[in-house]
Amino acid sequence: YDDREEIRSLGRLLKSKFALIECQEKLDTWGIDWKDVFDFYEEHGASNRDINITITQGVNIFCEHKRRDRFVSKEYLRHLQVFSFRHLKEHFGEETLLKTISRQKFESYLRSLKVGVVSKNHIITTTKTLFNVLVEQGHLGINPIEKIKHIPLPRKLNHYQILKNSEVRSILNQAVKDQEFEVLTVLVLVLFCGVRIGEAMKMK
């Protein structure tokens with residue numbers, strides 16, 4: 001009761017309580033205990049896999065894995081190698097170890113790319129899939145970019161300003177008052193329909 005660190009450790013453990021319960025049910029079904037599991041994992045688990053793989057090796061493992069999927073076309077695999085993963089190799093270097101790529105490094109890489117929003121989203125998705133496959137096969141411990149859900153904007157954004165709710169209302173009310181309905185339509189689209197900055201800038 002008096003050990004705060006132990007309480008915090010227990011709290012972190014209990015966050016995974018449902019996974020633990022499910023595991024315990026399987027162990028009961030199999031008639032084994034946790035020590036058997038840990039001993040097995042120590043001998044045969046992902047900890048014994050080679051995690052010192054380069055980007056080129058990782059891409060080859062990923063492509064070979066995807067090649068077995070009958071829903072993945074040869075054209076798509078070729079596109080991954082020629083476009084998505086080519087940029088990755090060029091930026092980080094083909095012999096760079098995949099485990100050294102952090103979220104921050106990947107975001108810097110995205111910012112440096114001279115391609116459009118759609119292409120960057122494609123690169124995020126395909127690289128996430130690359131890391132996920134390597135994690136599943138035990139070549140990496142974690143997917144460092146798992147939580148990236150959007151394209152990171154440049155760090156210095158002094159020319160952008162977030163509008164307050166009151167300012168939004170004033171702009172919309174003025175557009176209605178002046179009967180600027182075309183402008184009103186654009187404002188509603190940009191402000192309330194999830195349009196990205198890059199997409200808004202390209203609108204005609």
Side-chain angles (χ1 to χ4, degrees), residues 12-13 15-20 22-23 26 37-38 40-157 194-202:
R12 286 193 291 270
L13 182 64
K15 285 182 180 179
S16 304
K17 60 185 176 183
F18 295 111
L20 289 171
E22 185 180 344
C23 288
K26 288 184 178 180
V37 174
F38 296 140
F40 181 87
Y41 188 82
E42 187 175 354
E43 185 176 353
H44 304 287
S47 57
N48 283 336
R49 292 291 191 93
D50 178 18
I51 61 171
N52 292 316
I53 59 172
T54 64
I55 289 178
T56 299
Q57 291 171 326
V59 168
N60 290 341
I61 291 168
F62 171 80
C63 290
E64 185 57 37
H65 172 80
K66 284 294 179 185
R67 200 169 281 118
R68 298 193 202 104
D69 188 338
R70 61 191 179 93
F71 296 108
V72 176
S73 67
K74 292 180 181 178
E75 289 73 20
Y76 179 68
L77 281 173
R78 184 175 178 280
H79 176 69
L80 291 179
Q81 291 175 313
V82 171
F83 177 70
S84 312
F85 298 140
R86 178 175 61 82
H87 283 299
L88 194 71
K89 290 176 182 178
E90 287 175 355
H91 181 84
F92 290 103
E94 293 188 20
E95 298 307 309
T96 298
L97 297 181
L98 274 166
K99 67 180 181 181
T100 64
I101 299 177
S102 64
R103 174 174 176 161
Q104 291 76 18
K105 288 180 180 178
F106 188 79
E107 287 184 349
S108 298
Y109 156 62
L110 281 177
R111 291 190 191 97
S112 71
L113 289 172
K114 305 300 181 188
V115 295
V117 172
V118 174
S119 296
K120 286 189 178 183
N121 277 327
H122 167 77
I123 287 172
I124 290 173
T125 303
T126 53
T127 311
K128 272 186 182 181
T129 309
L130 166 69
F131 280 120
N132 283 337
V133 168
L134 295 175
V135 169
E136 286 170 12
Q137 295 194 10
H139 298 290
L140 287 176
I142 59 169
N143 180 344
I145 63 169
E146 185 176 6
K147 294 185 178 178
I148 294 181
K149 292 182 171 58
H150 62 278
I151 298 166
L153 295 171
R155 294 198 180 280
K156 292 184 179 179
L157 297 175
V195 178
R196 297 181 180 91
I197 291 173
E199 293 169 337
M201 292 170 66
K202 290 179 181 179

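Just the heavy atoms: all of them, side chains too, but no hydrogens, waters or symmetry mates, feed the values below.
- Under the 4.5 Å side-chain criterion, counting only non-hydrogen atoms from C-beta, L97 is not in contact with I53.
- Residues forming a salt bridge (charged side-chain N to carboxylate O under 4.0 Å, His left out) with E64 (at least two apart in sequence, or on another chain): R67.
- Y109 approaches L88 most closely through the heavy-atom pair OH-N, 3.2 Å.
- Among residues two or more places apart in sequence or in another chain, the side-chain hydrogen bond (donor to acceptor under 3.5 Å, both in side chains) test is passed with T54 by Q57.
- A centroid separation of 6.0 Å or more is found between the aromatic rings of F62 and F131.
- The CD1 atom of I61 sits 6.5 Å away from the CD atom of Q137 when rounded to the nearest 0.5 Å.
- In this structure, NZ in K99 is found 12.5 Å from CD1 in I142, a value given to the nearest 0.5 Å.
- The closest side-chain heavy-atom distance from K105 to S108 is not below 4.5 Å.
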Would you tabulate the side-chain donor-acceptor contacts of residues 76-83 under 3.5 Å, counting partners in other chains and residues two or more places apart, or write 'none'?
residue : atom : partner : partner atom : Å
H79     : NE2  : H122    : NE2          : 3.4

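- Scanning for side-chain hydrogen bond (donor to acceptor under 3.5 Å, both in side chains) contacts around E90 gives R86, with sequence neighbours left out.
- A distance of 12.5 Å separates OG1 of T125 from CG of L130, quoted to the nearest 0.5 Å.
- One finds the CD atom of E107 at 5.0 Å from the CZ atom of R103 (value rounded to the nearest 0.5 Å).
- Considering CD1 of I123 and NZ of K120, their distance stands at 8.5 Å, rounded to 0.5 Å.
- Checked against side-chain hydrogen bond (donor to acceptor under 3.5 Å, both in side chains), E199 has the following partners two or more places apart in sequence or in another chain: R196.
- Side-chain contact check for I55 versus I101: some heavy-atom pair is nearer than 4.5 Å.
- Considering only residues two or more places apart in sequence or on other chains, E146 meets the side-chain contact (heavy atoms from CB on, under 4.5 Å) condition with N143.
- Rounded to the nearest 0.5 angstrom, T56 OG1 and E95 CD are separated by 5.5 Å.
- A donor-acceptor pair is defined here as one N or O able to donate and one able to accept, closer than 3.5 Å; such a pair exists between the side chain of K128 and the backbone of I148.
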